[in-house]
Q: 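Got a structure for you, questions after.
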Amino acid sequence: MQPLRITAILVRPVLSLSHPIMLDGLLAAARVKRAEMDGHPDPWSVQDDLPLARYESPSGCWIWKASAFVPQPVSEHLPLLQTSRHNLARMAEDIEDGLVRMRKAKINPAGGMFRSSYEYLRVQWWQQAYADCIGDRAAIADLLQEITHLGGRRSLGLGEVRQWQIDPIDAESCLWMRRPMPADSDVPASDISYALAMQTLRPPYWRKTARQIALVPVA
């Protein structure tokens with residue numbers, strides 16, 4: 001295990017984020033994906049088997065030594081219009097099965113509940129984004145082959161990664177603690193300010209039932 005800086009070089013804008021992108025979250029997703037492809041009976045169980053070092057707080061709460069990604073934007077937040085259409089064949093099946101009730105005999109895609117929808121997304125161009133960690137360089141590089149995009153709306157091509165770079169850095173420059181930390185953390189981080197908040201500390205970060213009081217970076 002060694003201090004590393006992981007850099008994603010991007011070629012498409014990224015969906016504007018409400019939550020930071022966590023390096024350990026990406027690696028856990030890649031690890032689970034590999035396990036599913038290999039036919040693992042419980043692929044979710046392998047997300048605690050990552051090529052990263054761990055930090056354990058005085059209370060015994062542990063996290064991965066991996067930071068959130070820090071973007072390097074080259075534009076302001078920009079609007080992006082997205083249109084979408086209903087799957088009419090699926091809707092017809094639902095009507096036939098009695099799951100959807102209609103007053104008219106035909107589906108009208110030009111108006112009413114079945115018309116096309118319009119949505120404005122907010123995106124931003126990033127030149128790149130980087131995250132720090134302490135981990136196994138070769139194993140991390142292997143897992144990152146599974147990660148082709150950062151952020152949401154991958155089906156639109158948003159957040160497409162052209163290249164991953166993994167560079168060794170010195171321990172003093174490795175700010176892996178730029179991430180949610182246990183509330184009783186004793187890790188010195190003079191360059192980072194924290195505030196108490198309810199946050200998930202390990203992947204999967206979308207699991208709301210795992211939220212607890214934590215120290216979250218604010219600057």
Side-chain angles (χ1 to χ4, degrees), residues 1-12 14-15 17-57 61-72 126 128-154 158-169 171 173-182 185 187 189 192 199-212 214-217:
M1 299 283 183
Q2 64 182 132
L4 300 168
R5 177 154 293 172
I6 315 297
T7 304
I9 300 174
L10 303 160
V11 294
R12 294 293 304 277
V14 178
L15 184 69
L17 306 175
S18 57
H19 299 284
I21 300 173
M22 303 298 301
L23 173 59
D24 56 341
L26 287 185
L27 296 178
R31 187 76 176 84
V32 170
K33 180 180 178 181
R34 286 270 181 90
E36 288 177 332
M37 294 175 63
D38 293 340
H40 193 288
D42 183 15
W44 286 99
S45 64
V46 304
Q47 64 187 340
D48 284 341
D49 180 20
L50 301 181
L52 296 168
R54 297 186 182 191
Y55 162 74
E56 185 172 324
S57 73
C61 180
W62 69 270
I63 57 172
W64 298 110
K65 290 186 176 182
S67 76
F69 277 91
V70 178
Q72 296 183 330
W126 294 359
Q128 59 187 31
Y130 70 90
D132 292 348
C133 70
I134 296 179
D136 184 308
R137 185 179 185 182
I140 290 173
D142 180 55
L143 284 177
L144 287 177
Q145 295 181 58
E146 305 291 342
I147 306 299
T148 58
H149 297 75
L150 289 183
R153 303 299 176 100
R154 295 186 296 275
L158 296 182
E160 183 180 351
V161 178
R162 184 185 72 189
Q163 179 184 351
W164 288 102
Q165 292 182 186
I166 306 178
D167 300 306
I169 57 176
S173 302
C174 184
L175 296 180
W176 65 263
M177 67 290 296
R178 188 187 287 113
R179 54 157 300 124
M181 301 288 291
S185 169
V187 176
I192 306 172
Q199 183 61 273
T200 305
L201 291 176
R202 297 198 301 271
Y205 285 98
W206 49 258
R207 183 178 291 168
K208 294 182 180 180
T209 56
R211 289 181 179 174
Q212 57 185 284
L215 296 171
V216 178

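Just so you know, these numbers come straight off a predicted model, no measurement behind them.
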Q: Flag the pair His149 / Leu158 as yes when at least one side-chain heavy-atom distance between them is below 4.5 Å, and no otherwise.
A: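 Not in contact.
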
Q: Tell me the closest heavy-atom pair linking Asp136 and Met1, and the distance in Å.
A: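 Heavy atoms of Asp136 and Met1 come nearest at N-SD, 3.6 Å.
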
Q: Is there side-chain contact between Cys61 and Gln212, with at least one heavy-atom pair below 4.5 Å?
A: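 Yes, their side chains come closer than 4.5 Å.
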
Q: Between CD1 of Ile134 and OG of Ser67, what distance do you get to the nearest 0.5 Å?
A: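 These two atoms lie 11.0 Å from each other.
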
Q: How many angstroms lie between CG in Asp167 and CG in Leu4, if you round to the nearest 0.5 Å?
A: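 Interatomic distance, Asp167 CG to Leu4 CG, rounded to 0.5 Å: 8.5 Å.
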
Q: Could you check whether Arg202 makes a cation-pi contact with Trp64, meaning its NZ or CZ is under 6.0 Å from the centre of the six-membered ring and within 45° of the ring axis?
A: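 Negative - Arg202 is either too far from the ring of Trp64 or too far off its axis.
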
Q: Hey, are the side chains of Trp176 and Val187 touching, using non-hydrogen atoms and a 4.5 Å cut-off?
A: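 In contact.
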
Q: Could you give the distance from CZ (Arg179) to CD1 (Ile192), rounded to the nearest 0.5 Å?
A: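 It comes to 11.0 Å.
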
Q: Relative to the ring of Trp44, is the ring of Trp206 parallel (under 30°), tilted (30 to 60°) or perpendicular (over 60°)?
A: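 Rings of Trp206 and Trp44: perpendicular, over 60°.
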
Q: Between atom CG of Leu23 and atom CG of Asp132, what is the distance when rounded to the nearest 0.5 Å?
A: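 Leu23 CG to Asp132 CG: 9.0 Å, rounded to 0.5 Å.
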
Q: For Ile166, does its backbone N or O pair with a side-chain atom of Arg137 as donor and acceptor, under 3.5 Å?
A: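 Pair found, side chain donor or acceptor close to backbone of Ile166.
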
Q: Nearest 0.5 angstrom please: Leu201 CG to Asp24 CG, how far?
A: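 Leu201 CG to Asp24 CG: 10.0 Å, rounded to 0.5 Å.
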
